[in-house]
Amino acid sequence: MNLHDSLTRETRRFEPLRPGRVAVYGCGPTVYDFAHIGNFRTFAVYDLLHRHLRRHGHEVDFVVNFTDVDDKTITGAANAGLLLGEHTETFVDAFLDDAETLGFLPFSSHPRATAYIPAMVAFIERLVKRGSAYLAADGSVYYAVPSFDAYGRLSGKGGDDDAGRARIDAEDLDKRDPRDFALWKPAQPVDRDVGAVWDSPWGLGRPGWHLECSVMATSLLGDTIDIHLGGEDLLFPHHENEIAQSEAATGQPFARFWLHVKHLKVDARKMSKSLGNFHTVRELLDEGYDPAAIRWTLLSAHYRSELNFTRDGLDDATASVQRLVDFRRRVRDAGETPGGATELAPRAGEHLAAFGRALDRDLNVPRALAALWTLVREVNTALDAAGGGMARADREAVLDALAGMDAVLGVIDLAESSRKVADTDEERVQALVDAREQARATRDFATADRIRDELATEGIRLEDTAEGTRWTRIRTGP
RNA sequence: GGCGCCGUAGCCAAGGGGUAAGGCAGAGGUCUGCAAAACCUCCAUUUGGCGGUUCGAAUCCGCCCGGCGCCUCCA
């Protein structure tokens, strides 16, 4: 498969450093609030990559951290009158809930920054020893950017002639270079209030944000990882700083591929609380949207393209997901016709292969979806022509192809699970459907249509077929 | 100001030197008591505008217009 590497700005073939085992690190949420739909676009792409790597037969060590100590988490805890851990726990749990809602495969591990403080201290000591970091008069330990020649290679920013250099103000006076960044910060009163202080050779304090990811990544995955992911905003300075720290400490290349996910916009504007277009997953669920439709929407554009998140888009996605659910059900329920496989079986295999090839091209989901819809249309056409039946071998091949595609898309089972009805409800619906059948038998269409309309308002769709009336719970959006 | 990205039909969205994938919506049709679902047909001589390179450009180059991101611990 090929992936686009932000560092070299080229798309090239990806092979794991260790055959069959891929080491991936994705910058995770800062747990100071509920993650929003934009955050989840990025994480949905993590899940997409995770699933596709597994489709390739790789074992994947996929680490997604929780940043549970930084300015925002500390401020949030202080405002809530809680200890840091008490405050962040809520949002850690919420993230894991939302991830499950959106059908994410469990990641290999979710390290919390606060669990890696000793490793961070040791990491800083190595950097100080190597002359890459220094203790400043204010008690902070800073990374010395000028000591790292390759600084700026990833982002094209941060050269010593950069305009940002002018950004020197009072708080930077203790730095040797304005680009230097904190690895360790001395304890402030608010830090002590919420319990965000740890001991170190430089006194009580807490780690700098950039350091956290370098330490968790190298601790869990080794000095050189295969793929490092993040939102596009993290390219500078976060990822630039991660490279500088990690490579200075280990002497090894840090990440072989850097993938950056483009931000989504909402109604063509940047998402922000002031514009009122700030959505969380749970809010969208409360409005009645299907989790599978949200997932579909987040994945439907290429990850390096801007994605405009709209209600219309969610409605489109709802329809697409419903069509897939209907399709799988139709194939599963199809009557069996005698004989062996026809041309349908090899065609299904070809479409699955095309689907995989598209994803191999830097996770090109839109192109992959074209293969999916071609499969759907060809099989539906064949079913129509054959009066709704198909050969067993064909059906198995089609279902295998569909399962192979959905192993990456992950929407069909997710959609089915949100369409379950309670048993009692089922009896009531069936009774109404039976009553309608009686009415139809006597050509009392007024009654029949009234029942159908009533059920429609509950999201129950009726279909009169040659084998009788079938009913299905569908999703049509809020 | 510095660095970078984007502009494809009503909407969403691929392609990225060889003659515009796919989905949604819409129109007509098959099926149906009527529907629904499904299928068939139609739906961009054209890819923000103007030039240029080329046998050939949506794809390359230049300029212009419009939108956006990063440079502030926002995914």
I want to check one thing: is the phosphate of B/rC68, taken as OP1 and OP2, less than 4.0 Å away from some side-chain N or O of A/Lys262? no

If the C1' atom of B/rC43 is compared with that of B/rG49, how far apart are they to the nearest Å? 26 Å

A/Lys270 NZ to B/rG67 P, in whole Å, measures 17 Å

Tell me: CZ of A/Arg153 to P of B/rG4, nearest whole Å? 16 Å

Would A/His263 count as stacked on B/rA75 if the rule is ring centres under 5.5 Å and plane angle under 30°? yes

Please give the distance between the C1' atoms of B/rC31 and B/rA38 as a whole number of Å. 9 Å

B/rG69 P sits how many Å from A/Asp233 CG, rounded? 12 Å

Hey, do the aromatic rings of A/Tyr46 and A/Phe40 have their centres closer than 6.0 Å? no

Determine the interatomic distance between C1' on B/rC11 and the same-named atom on B/rC3; round to the nearest Å. 33 Å

Take the protein atom CE of A/Met271 and the nucleotide atom C1' of B/rA75, then report the distance between them rounded to whole Å. 8 Å

Closer than 4.0 Å, any side-chain N/O of A/Thr297 to the OP1 or OP2 of B/rC12? no

Determine whether a donor-acceptor pair (one donor, one acceptor, N or O, separation below 3.5 Å) exists between the side chain of A/Arg440 and the base of B/rG33. yes

Looking at A/Val321, A/Asp47, A/Leu409, which one forms a side-chain contact (heavy atoms from CB on, under 4.5 Å) with A/Arg295? A/Asp47

Suppose you measure atom P in B/rC12 against the same atom in B/rC40; what distance do you get, rounded to whole Å? 26 Å

For a quick check of understanding: with a heavy-atom distance under 4.0 Å over all strands, which category does A/Glu463 fall into, base, sugar-phosphate or nothing? base

OP1 or OP2 of B/rC24 less than 4.0 angstrom from a side-chain nitrogen or oxygen of A/Arg323, does that happen here? yes

Is there a side-chain polar atom (N or O) of A/Arg361 under 4.0 Å from OP1 or OP2 of B/rG16? yes

Please check if the distance between the ring centroids of A/Phe34 and A/Phe91 is under 6.0 Å. yes

Is a donor-acceptor contact shorter than 3.5 angstrom present between the side chain of A/Lys157 and the base of B/rC70? yes

Whole-Å gap separating P (B/rC12) and CG (A/Leu264): 14 Å

When you measure only distances, ignoring hydrogens and angles, does the side chain of A/Asp464 come within 3.5 Å of the base of B/rC34 through a donor and an acceptor? yes

Between B/rG33 and A/Phe445, is there a base-stacking contact, meaning the centre of the base's six-membered ring lies under 5.5 Å from the residue's ring centre while the planes stay under 30° apart? yes

Rounded to whole angstrom units, what separation is found between the CZ atom of A/Phe355 and the C1' atom of B/rG22? 13 Å

My understanding is that only one of A/Leu383, A/Thr337, A/Val379, A/Thr342 makes a side-chain contact (heavy atoms from CB on, under 4.5 Å) with A/Asp394; could you say which? A/Thr342

Looking at side-chain heavy atoms only, is the closest gap between A/Phe355 and A/Leu375 below 4.5 Å? no

Can you say whether a donor on the side chain of A/Arg452 sits under 3.5 Å from an acceptor on the base of B/rC34, or the other way round? yes

I'd like to know if A/Arg179 and A/Asp177 make a salt bridge, using a cut-off of under 4.0 Å between side-chain N and carboxylate O. yes

Roughly how many Å is it from CD1 in A/Ile460 to C1' in B/rA36, rounded to a whole number? 14 Å

For nucleotides B/rA57 and B/rU8, find the distance between their C1' atoms and express it as a whole number of Å. 14 Å

Using a heavy-atom cut-off of 4.0 Å across all strands, would you classify A/Arg436 as base, sugar-phosphate, or nothing? base

Any donor-acceptor pair under 3.5 Å between the side chain of A/Asp449 and the base of B/rG33? yes

What is the distance, to the nearest angstrom, from the CZ atom on A/Arg461 to the P atom on B/rA36? 11 Å

If only side-chain N and O atoms of A/Asn380 are considered, is one of them under 4.0 Å from the OP1 or OP2 phosphate oxygen of B/rA38? no

For B/rU41, which nucleotide in any strand shown is its Watson-Crick or wobble partner with both distances under 3.5 Å? B/rA27

Out of A/Leu372, A/Val408, A/Leu48, which residue meets the side-chain contact (heavy atoms from CB on, under 4.5 Å) rule with A/Val365? A/Leu48

For A/Asp312 and A/Pro29, find the nucleotide of RNA chain B closest to each by heavy atoms; which residue's nucleotide sits nearer the 5' end? A/Asp312

Is NZ or CZ of A/Arg12 both nearer than 6.0 Å to the six-membered ring centre of A/Phe257 and within 45° of the ring axis? yes

B/rG16 - base-pair partner by Watson-Crick or wobble geometry, distances under 3.5 Å: none

Check whether any side-chain nitrogen or oxygen of A/Asn364 sits under 4.0 Å from OP1 or OP2 of B/rG15, and answer yes or no. yes

Taking the C1' atom in each of B/rG17 and B/rC60, what is the distance between them to the nearest angstrom? 8 Å

Please give the distance between the P atoms of B/rU46 and B/rU59 as a whole number of Å. 15 Å

With a 4.0 Å limit, can you tell me whether A/Ser305 has a side-chain N or O closer than that to the phosphate oxygens OP1/OP2 of B/rA14? yes

Residue matched to B/rA21 through Watson-Crick or wobble contacts both under 3.5 angstrom: none

